[in-house]
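Worksheet: the structure to be examined is printed underneath.
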Amino acid sequence: MGDVKPLVSTSNSMDGDAFEARFTDLCKKGLSLDEKTCLGAMKLFKETKHLVSSKVSSAERTVEEAERFWFSFVLYSLNRLSEKDGDSAPQKSDENRFTLCQILRATKLNIVYFFEELPQFVVKAGLVLTNMYGEDWESRLEAKEMQANFEHLTLISKSYKRAFWELFLSSDANIGKQESATSAPDYLSKYHRFGWLLFLALRVHAFSRFADLVTCANGFVSVLAILILHVPICYRNFKINDSPRFVKKGEKGVDLLASLCNMYDASEAELRRTLKMTNKLMEDILKKKPCPAFECKTETLEHIDTDGLVYFEGLLEEQSFLSNLSILENNYNNATRNRGDLDERLFINEEDSLLVFGSLSGEDVNISGIKRKFDSIASPSKTITSPLSPHCHRASHVNGVLGPLNGKVASTPVSTAMTTAKWLRTFICPLPSRPSAELQHFLSSCDKDVTNDVIRRAHIILEAIFPCSHDCSLTGSLRSANLMDDTWMEQRRLETLKLYYRVLEAMCTAEAQILRAPNLTPLLTNERFHRCMLACSAELVLATHKTATMLFPTVLGRTGITAFDLSKVIESFIRHEKSLPRELKRHLNSLEERLLESMVWDKGSSLYNTLIVARPALSSEINRLGLLAEPMPSLDAIAMHINFSGGIPTVPSLQKHKTSPSNFGSLILGQNGDVRSPKRQCTDYRSVLVERNSFTSPAKDRLLAFSNLRKAPLQSVFASPTRPNPVGGGETCAETGINIFFSKINKLAAVWINGMVERLQLSQEIRESVYFLFQQILSQRTSLFFNHHIDQIILCCLYVVAKLSQLELPFKEITRNYRKQLQGRPEVYCSVFVDRSSTQQNGRTRQDHVGIVAFYNTKFIPAIKYLLEELDLSRTTTRTTQVPESNNSNDVRSIPWIT
């Protein structure tokens with residue numbers, strides 16, 4: 001199957017008046033908005049409508065499809081941004097209230113499609129949204145959080161459904177035991193819904209609004225415990241005293257919570273804490289009085305160790321069950337009335353039109369690209385099942401009971417996340433929260449003892465990454481969720497601190513062996529190195545818990561480092577933490593790929609500060625475009641910014657700034673010559689897997705580069721760019737660093753090129769030519785990469801080489817196949833940066849982002865014209881596989897423009 005088409009249409013025949021009329025009709029008739037809201041919607045629509053018809057893509061949507069997407073984006077943005085934050089903000093009236101679900105039903109769009117296309121709107125309409133709603137519009141829009149939340153709920157709902165129907169899927173024999181057999185399936189469905197509503201009550205009243213996946217998983221496991229205790233045993237699909245699932249037993253019977261933790265790799269302490277919150281919610285919402293389970297005599301508690309458990313009389317009994325179900329429904333309605341978010345009850349029904357694939361209007365829409373991207377939602381592991389595809393594994397039957405032999409559930413994205421979290425509990429949590437004796441030895445062996453400096457820095461940076469609200473004015477469920485957020489932040493800080501000290505010790509040990517000396521002053525006094533280590537540790541902890549907030553690159557902004565900085569430590573971090581699970585290694589590898597393919601090339605990257613030393617010829621272009629990084633905020637500036645007063649040693653309390661601790665753009669104080677990048681927009685939430693394959697040309701050079709990287713001391717990697725590299729053969733540290741960096745870029749490009757060539761079924765000669773041209777551009781036309789994604793260069797290389805080889809390969813075909821790649825995203829070829837500051841074409845207003853075709857014609861071809869001439873001459877001398885003679889006879893003077 002093909003992919004969903006890009007958002008924009010290239011049609012120039014769109015009737016503006018009719019376009020506006022259809023939007024007005026949607027607002028007034030489709031959503032029944034009042035006059036004031038309609039005026040606000042129309043204002044935003046008029047400011048952005050010209051963007052929907054911009055020619056930015058070779059692959060097209062129909063005008064009607066593009067309209068429906070744009071209508072939904074405008075209305076979603078209006079709903080999120082027109083309300084001010086704070087309790088004093090006026091609430092929308094019932095008549096004026098509309099939700100995302102209502103928007104999507106009115107525009108006949110699927111939720112998955114909506115989130116798939118939303119990043120393009122964010123990129124294109126960003127300037128308009130800034131002008132209309134202020135600089136903080138992106139954080140208020142919560143697009144990334146909403147998408148991650150949707151993905152988490154998709155996974156959790158499928159795991160809950162699978163677990164419920166394996167535990168309570170009644171056999172014919174069980175149904176026959178009932179007097180009213182025909183009511184069994186109906187009651188089971190209602191029990192299923194009751195459990196989901198109870199889980200949603202947890203999310204609304206106890207968890208944070210965008211709770212992480214592991215916290216949500218603990219929530220649904222606690223719901224399973226309550227259902228096992230209260231659903232009549234005639235609906236059970238197991239015998240609890242003779243089940244391979246419930247393996248934790250004692251003298252008093254089955255230890256239910258320990259067995260569930262064994263099944264789902266949950267923390268028993270966390271599960272007990274979550275279950276306590278769930279019980280409290282039933283007490284408060286349903287007005288049920290909890291009874292100690294050991295005092296209750298009911299068949300559902302037989303063979304279960306009831307110590308520490310509570311039971312609610314009449315919770316799921318026929319005479320009161322429907323009433324309890326209705327109370328939970330109403331409670332959810334009231335609690336979410338003014339949010340305008342997704343109605344999370346729809347996840348209980350996979351047949352809901354907002355979830356199923358295929359347009360609500362009955363159109364046949366291709367989905368393989370969307371499904372592929374959701375494959376990597378919860379884990380970088382290649383073995384996970386797509387959350388949008390039902391899990392087909394059926395567990396073994398033992399003694400007539402459905403369930404796996406070892407009591408473990410089959411591997412799913414949620415179970416993978418829980419297993420990874422178990423690693424954190426097992427290997428990291430037991431560690432001390434201070435430097436070990438061995439690490440203290442390295443810290444005290446410096447020219448001066450830096451132990452206190454390291455401890456103080458760690459506490460300040462980690463409080464900046466994981467801030468607490470300290471808001472004591474909240475009451476009720478908001479205060480409960482706020483306290484849980486603060487507890488969660490404190491736990492993550494502690495986990496990150498312990499991981500940081502552990503890996504730092506391993507790195508110091510390896511560094512001392514390389515240098516054959518315990519004095520590591522240049523490394524251990526380098527501010528940038530420590531911040532990179534803390535950021536990498538924090539990112540691993542966040543990835544372990546699968547957060548819906550604080551998505552990468554949040555840690556970069558809060559620590560004041562850049563993508564280029566972080567890329568220097570990832571490989572070493574993986575190598576020195578031996579116990580790191582495969583999923584987290586893959587997460588860091590995919591993170592490094594994200595950094596290399598685009599983020600290191602962004603404006604404000606410290607890469608440019610190194611390039612002007614290593615490649616002085618590029619300095620004028622770097623300065624002209626204003627690409628240099630700003631000074632990194634000092635540690636004291638960050639401490640003042642977050643009002644830090646804790647840690648060891650104590651820091652004097654300073655007045656807290658009003659701005660967010662995640663944005664240190666105004667703190668430009670330098671420290672040790674370090675630099676930082678301003679906060680960058682990031683709309684990519686993927687965890688990309690790349691299978692390293694046979695195409696490794698030129699393998700020898702790359703292996704040599706990475707071999708040297710492993711042998712080089714870390715202190716030279718973080719040294720001042722102008723310093724001589726002690727193992728660089730006369731090179732400066734900047735030159736050595738750039739050579740290693742370019743080797744990594746070439747390696748990544750080789751993999752991406754190979755994937756595209758195989759998908760397009762092109763020859764080995766074409767593949768080698770594309771790779772050779774890419775290498776030449778990187779080394780001789782480096783400025784073409786500035787502010788660009790490397791895939792944009794690869795796509796252009798593919799087209800020009802195919803054109804010179806006299807192959808019929810339209811750009812539309814290239815982009816269509818690119819979107820099928822794991823790393824393929826439509827915004828890569830729909831929105832390409834072009835600098836028009838010096839010239840204007842045809843009297844047009846300056847436009848900084850264009851489609852890939854316009855970039856190819858106006859920037860790419862003029863920049864590489866002479867390289868195309870060299871391409872033919874170099875084929876017979878620089879590549880091991882010679883291109884056939886027919887490919888050498890092309891007249892490169894006939895430049896392959898696209899008309």
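Sequence positions, counted from 1, serve as the residue numbers for this chain.
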Polar side-chain atom of [X] near backbone of [Y] as donor-acceptor pair, under 3.5 Å:
X      : Y      : answer
Tyr332 : Glu344 : yes
Asp791 : Gly824 : no
Arg493 : Leu462 : no
Asn79  : Phe98  : yes
Asp212 : Thr215 : yes
Arg68  : Lys108 : yes
His641 : Ala464 : no
His788 : Phe786 : yes
Tyr76  : Thr99  : no

Please find the pair of heavy atoms, one from [X] and one from [Y], that lie closest to each other, and give the distance.
X      : Y      : result
Val214 : Thr544 : CG2-O, 3.7 Å
Ser606 : Asp565 : OG-OD1, 2.9 Å
Glu495 : His545 : OE1-NE2, 3.2 Å
Ser77  : Leu44  : CB-CD2, 3.9 Å
Thr562 : Gly604 : CG2-O, 3.9 Å
Leu499 : Ser537 : CD2-O, 3.8 Å

Between [Y] and [X], is there a side-chain heavy-atom distance shorter than 4.5 Å?
X      : Y      : value
Val122 : Phe73  : no
Tyr818 : Ile852 : no
Phe466 : Leu542 : yes
Ile642 : Pro467 : no
Cys101 : Leu346 : yes
Arg819 : Pro826 : yes
Ser159 : Phe220 : yes
Val204 : Thr336 : yes

Margin query: Between Tyr160 and Phe199, is the ring centroid distance below 6.0 Å?
Written below: no
Check: Are Phe121 and Phe114 near enough that their ring centres are under 6.0 Å apart?
Finding: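 Phe121 vs Phe114: aromatic centres not under 6.0 Å.
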Spacing of [X] atom [atom1] and [Y] atom [atom2] [to the nearest 0.5 Å]:
X      : Y      : atom1 : atom2 : result
Leu202 : Cys216 : CG    : SG    : 9.5 Å
Ile574 : Leu540 : CD1   : CG    : 8.0 Å
Leu200 : His205 : CG    : NE2   : 10.0 Å
Asp136 : Leu129 : CG    : CG    : 11.5 Å
Leu342 : Gln102 : CG    : CD    : 11.5 Å
Phe564 : Trp601 : CZ    : CH2   : 9.0 Å

Note to self: Can you confirm whether the side chains of Ser605 and Asp602 place a donor and an acceptor under 3.5 Å from each other?
What the structure shows: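 Note: Ser605 and Asp602 side chains miss the donor-acceptor criterion.
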Next item on the list: Determine whether the side chains of Trp70 and Thr48 contain a donor N or O and an acceptor N or O closer than 3.5 Å.
Entry: yes
Item checked: Check against side-chain contact (heavy atoms from CB on, under 4.5 Å), Cys27 and Thr37 -> CA-CA 9 Å; Cys27 293; Thr37 306; over 6 Å; no
Check: Going through the checks in order, is the side-chain contact (heavy atoms from CB on, under 4.5 Å) test met by Thr496 and Ile465?
Finding: CA-CA 10 Å; Thr496 302; Ile465 297 175; 5.8 Å; no
Checklist line | Given Gln823, Glu827, Arg825, Met599, the one that forms side-chain contact (heavy atoms from CB on, under 4.5 Å) with His789 | finding: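 When Gln823, Glu827, Arg825, Met599 are each tested with His789, the side-chain contact (heavy atoms from CB on, under 4.5 Å) holds only for Arg825.
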Check: For the side-chain contact (heavy atoms from CB on, under 4.5 Å) test, which of Leu75, Leu109, Leu78 pairs with Ile103?
Finding: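 Filter result, single survivor: Leu75.
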Next item on the list: Take Trp752 and Glu593 through the test side-chain contact (heavy atoms from CB on, under 4.5 Å) and record every step on the way to the result.
Entry: CA-CA 11 Å; Trp752 284 177; Glu593 289 167 1; 3.9 Å; yes
Next item on the list: Output all residues satisfying ring-ring contact (aromatic ring centres under 6.0 Å, His included) with Phe210, sequence neighbours left out; order by chain, then residue number.
Entry: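 For Phe210 there are no ring-ring contact (aromatic ring centres under 6.0 Å, His included) partners, ignoring immediate neighbours.
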Checklist line | Results of ring-ring contact (aromatic ring centres under 6.0 Å, His included) for Tyr500 - residues two or more places apart only | finding: none
Check: Does the side-chain hydrogen bond (donor to acceptor under 3.5 Å, both in side chains) test come out yes or no for Glu151 and Gln147, once each step is laid out?
Finding: CA-CA 6 Å; Glu151 293 167 353; Gln147 177 172 354; 3.1 Å; yes
Next item on the list: List for me each residue that meets side-chain hydrogen bond (donor to acceptor under 3.5 Å, both in side chains) alongside Thr107, sequence neighbours excluded, and say none if there are none.
Entry: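 Partners of Thr107 by the side-chain hydrogen bond (donor to acceptor under 3.5 Å, both in side chains) criterion come out as none, since no residue qualifies.
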Aromatic rings [X] and [Y]: how do their planes relate, parallel, tilted or perpendicular, breaks at 30° and 60°?
X      : Y      : answer
Phe347 : Trp196 : tilted
Phe833 : His849 : perpendicular
Phe23  : Phe71  : tilted

Next item on the list: Could you check Lys124 against Glu117 for salt bridge (charged side-chain N to carboxylate O under 4.0 Å, His left out), going step by step and ending with a plain yes or no?
Entry: CA-CA 12 Å; Lys124 286 182 289 186; Glu117 303 288 359; over 6 Å; no
Note to self: With salt bridge (charged side-chain N to carboxylate O under 4.0 Å, His left out) as the criterion, how do Glu592 and Lys744 come out once you've worked through the C-alpha distance, each side chain's angles and the decisive distance to 0.1 Å?
What the structure shows: CA-CA 10 Å; Glu592 185 176 29; Lys744 289 184 176 183; 3.0 Å; yes
Next item on the list: Decide yes or no on side-chain contact (heavy atoms from CB on, under 4.5 Å) for Thr559 and Leu566, but give the supporting numbers first.
Entry: CA-CA 11 Å; Thr559 55; Leu566 187 63; over 6 Å; no
Next item on the list: Please lay out, stage by stage, how Arg586 and Glu583 fare under the test salt bridge (charged side-chain N to carboxylate O under 4.0 Å, His left out).
Entry: CA-CA 5 Å; Arg586 285 176 168 167; Glu583 286 74 19; 5.6 Å; no
